[in-house]
Each structure stands twice: as structure tokens, then as C-alpha cells.
Amino acid sequence: MRLLVSTTANDGHFGPLVPFARACVASGHDVRVAAPASYAGPVAAGGLVHEAFADPLQAIVDAVMVRLPMLSFDEANATVIRDVFATIDAQAALPALTATMRSWRPDLLLRDPAELGSLAAAERTGVPHAQVAIGMQEIVTLFADLTVGPLAELGSIADLPADRLSSAVAGEPILSLVPEALDRAGDPAYRDDLTVSRFRDEAPPTDAAARPLPAWGDPGRPLVYVTFGSVTGLLTPFAGVFREALDALADQPVRVLLTIGRRFDIARLGRLPANAHVESWWPQADALARASAVLGHGGFGTTMGALAAGIPQVIAPIFTSDQVVNARHVAAIGAGIAVAPGADVVSRACAEIADLLA
């Protein structure tokens, strides 16, 4: 079987797709990953073959992103979904994805829900498709509701009827790594009518293989692993959260391991508190094997990784609704503390660390 996996240039979106891609490779299938040209590195690091499509013009994306601080949290999230994922990204990706579908003829498309160019290309060329959840089930409904207009426009560009893509999303099978109990927790509007197949990654890293951490601070103090994902540092309005977390945790009796993403300059943080160590990137499984608590933004990879490792977490949603949803679900099952979004969300989350450890 030929399997095409499509993703946006986002680690938190690509991560949930990787176990499915690797499982299919291990079963002897021919797997390729369609992703923006700029995302070749992470695809190669995953040991997968890259089918590149065009990145959107950064100036066009920046023109949208600069408006976000002036909007409410929910308005900003809706703007990113509609204007960036469903319009700018999808329209830039569509030509190359259509060409790949026609030349390589995959038997199946597995897509990141935010990567919509492949949806249009698959419908245009008759390739069956499914989406892989990058969050809780209720995010599926949110995406569907917010993208009706952009999908009609995208369908028109792809020479499809106006309602074709929205209808395709409504009937699309969903593959999920989220346990049903977690999906139902905190969601009073949980839908039983969606076609969801649930899986687990059968090969999680073991504690015994964890990479040793550098030496810093008092090794007798509990380790707090702090991460806000790979995108936050690239968004100018939110880049200050790293320093905010370091300052808020500086006087607490903990050791702090902060990761900031490969494209954020560590030098921008200035002098570090004595109890903190900063890395651009560290293998999450290795950090979690040593951590007593996690402070995160509610990204899917961090949230699910902490749950799988049995580490309590405090979640500080920074810029998208899925972060709020993930926080609510984690709190509902008693596995962590959810902090309401807002300008000082990171400082408020840091104030919860003592209770989390207790």
C-alpha cells in the first residue's frame, strides 16, 4: 500500500502522525510525508521520505499574526484556523499536493486536521482519506465549524462543488491516540456519532534509555520540565513567556529545565536564574523520565507525553483553543491543573507548581 501522510510545519501536528507512519513502514508499506519545504529536517529526522510542497509567503502570514494581540483569545484562535490553516497554507500547498496525488497515486491519505490542501487534492483525485487527531475530539467539531467558508473557496480553486470539502470532513474517519475516557472528560457535548478509531503507540521510550541531564542547581530538588512547544518563540507577542517562567520559578525550591525551540535564540533570555537550565530542544521522553512536574502550554505532544509518563502537569494556554480544551480535559480527569488564559497566564501557572508537587 502507498500511504501519504500530510502535515503542516508544526512539531505538535506532525508528532501524532509519526506513530502511524512508522507502524505502516514497519508493516512493509510505502510511506511518504507531504509537508512544507521548510519542514524537511523534522521529516528526515523521523526517518521518513519527504514530499515537499510550497510554504506560504511569510509576509502574508505575518500580516495575519500581527493582528492577534488585538483580538480576544477565541477570536485570535478562529483567525488562525480560518485565515492561516484553511486559506493561506491550504492554497499554497494545493498545487504540489495535487501533483503528488496524480503522479504517485497513494492508496490512502492520513492528514493533520490543520493541513487542508491535501484534503482538496485527495477529493480532486479520488484518493481515500482520514485525519489523525492532534487533540481532543471536540477540536474536530471546532475546525469543521470554522472552516466552512474557506473550504468552499478552496474547493472552488480545486474545481470542486462548493460544499464538497465540508461534506468530506464531516464523513472523514478519525484515528486517535487519545483514550476515550480522556476525550469524554470535561466535554458535556461529546459526540458518539463520529467515526473514531483509537490506537496506542506500542513502542514508547523506556526510562532506562533516558539521556542524562546536564548538571545545574541543587540535584536534590524536584525537576520541573517547562516547555511551550516549538511555535511560541516564533510568535512575537508571546516570545516573552520564556523569561516570565524563569523569573516566576527562580525563587521556588525546584530545578527548572526549559526548552525554547530550535529557532529561538537562547541569548535573548539574558542571565539565567541559578536553578534553571535552558536548551533549544531536548528529547521529551528523556526529560519526562527525570521530571516531577510539567509546566506546558497545552500542546498535544506535551500534554499526552506527560500523561503517558504519569507526570502531573499545570497547563497555561497561550494562543489557541485546543490548548484550553486539552487543559480542561486533563483537569477533569485529575491529572493536572488548568489555568485560565490571559496576559499573565504563565506567572499564574508557575504559582500552581507548589500545589502540583504536593
Side-chain angles (χ1 to χ4, degrees), residues 5-22 33-36 38-43 45-46 48 55 61 65 68 76-77 80-81 84-86 89 110-116 118 131-140 142-143 174-178 182-183 201 204 225-235 238-239 241-242 258-264 279-285 287-288 294-309 313 315-330 336 341 345-346:
V5 176
S6 70
T7 183
T8 55
N10 187 310
D11 292 348
H13 292 210
F14 181 46
L17 295 161
V18 171
F20 294 97
R22 287 177 174 166
V33 175
S38 63
Y39 205 63
V43 174
L48 298 163
D55 286 88
V61 176
M65 303 305 282
L68 300 186
N77 181 71
V80 171
I81 293 174
V84 179
F85 291 142
D89 287 356
L110 286 185
R111 69 177 188 89
D112 157 11
E115 202 298 286
L116 293 160
S118 61
Q131 62 172 287
V132 175
I134 57 170
M136 305 302 150
Q137 181 176 300
E138 62 182 281
I139 296 299
V140 174
L142 176 66
F143 260 78
I174 301 164
L175 311 185
S176 180
L177 295 170
V178 179
L182 177 60
D183 243 347
D201 185 357
Y225 172 49
V226 181
T227 177
F228 302 124
S230 58
V231 174
T232 303
L234 304 179
L235 304 176
F238 309 113
V241 298
F242 300 123
L258 169 67
T259 59
I260 57 176
R262 296 180 179 91
R263 292 181 284 177
F264 187 88
E279 294 279 351
S280 294
W281 181 86
W282 198 266
Q284 179 166 276
L288 292 172
V294 172
L295 167 59
H297 64 318
F300 185 78
T302 303
T303 301
M304 296 302 292
L307 288 169
Q313 55 189 305
I315 299 180
I318 296 175
F319 57 87
T320 63
S321 291
D322 65 304
Q323 296 167 7
V324 176
V325 169
N326 291 342
R328 176 166 19 92
H329 285 246
V330 167
V345 63
V346 170

message: Within the 4.5 Å heavy-atom criterion, are N326 and M136 side-chain neighbours or not?
response: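 They are in contact (side-chain heavy atoms under 4.5 Å apart), so the answer is yes.
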- request: State, with a plain yes or no, whether a side-chain heavy atom of V294 is found less than 4.5 Å away from one of Y225.
  value: yes
Using the side-chain contact (heavy atoms from CB on, under 4.5 Å) criterion, which residues pair with [X]? Sequence neighbours excluded.
X	value
D89	P56, V84, F85
D11	Y39, P42, S230, R262
S280	I266

query: Which of these, V132, I134, D112, L48, sits in a side-chain contact (heavy atoms from CB on, under 4.5 Å) with F14?
result: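 Single side-chain contact (heavy atoms from CB on, under 4.5 Å) partner of F14 among V132, I134, D112, L48: L48.
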List the atom of [X], the atom of [Y], and the distance in Å for their closest heavy-atom pair.
X	Y	value
P19	P16	CD-O, 3.4 Å
A133	I174	CB-CG2, 4.2 Å
A76	L68	O-CD2, 3.8 Å
V178	G135	CG2-O, 3.7 Å
V324	P341	CG2-CG, 4.0 Å
S118	S6	OG-OG, 2.8 Å

- request: Might you work through the side chain to side chain contact (heavy atoms under 4.5 Å, CB included) test for V346 and H297, ending with a clear yes or no?
  value: CA-CA 9 Å; V346 170; H297 64 318; over 6 Å; no
Could you pull out every donor-acceptor pair under 3.5 Å between side chains of residues 300-309 and any protein atom, sequence neighbours left out?
unit_1 : atom_1 : unit_2 : atom_2 : d
T303   : OG1    : G299   : O      : 2.8

- request: Before giving the answer on side chain to side chain contact (heavy atoms under 4.5 Å, CB included), spell out for E115 and T7 the whole-Å C-alpha distance, their side-chain angles and the decisive distance to 0.1 Å.
  value: CA-CA 6 Å; E115 202 298 286; T7 183; 5.6 Å; no
message: Which residues pass the ring pair (Phe, Tyr, Trp, His ring centres under 6.0 Å) test with H329, not counting sequence neighbours?
response: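 Ring pair (Phe, Tyr, Trp, His ring centres under 6.0 Å) check on H329 returns nothing, list empty.
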field: Residue list, ring pair (Phe, Tyr, Trp, His ring centres under 6.0 Å) with F20, at least two apart or on another chain
entry: F199
Working to the nearest 0.5 Å, report the span between [atom1] of [X] and [atom2] of [Y].
X	Y	atom1	atom2	result
F228	I260	CZ	CD1	12.0 Å
L258	L295	CG	CG	9.0 Å
Q313	T227	CD	OG1	11.5 Å

message: Evaluate L142 against N77 for side chain to side chain contact (heavy atoms under 4.5 Å, CB included), listing each step before the verdict.
response: CA-CA 10 Å; L142 176 66; N77 181 71; 3.9 Å; yes
- prompt: Does I318 offer a backbone N or O that forms a donor-acceptor pair with the side chain of Q323 under 3.5 Å?
  reply: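 Yes, Q323 side chain to I318 backbone: donor-acceptor pair under 3.5 Å.
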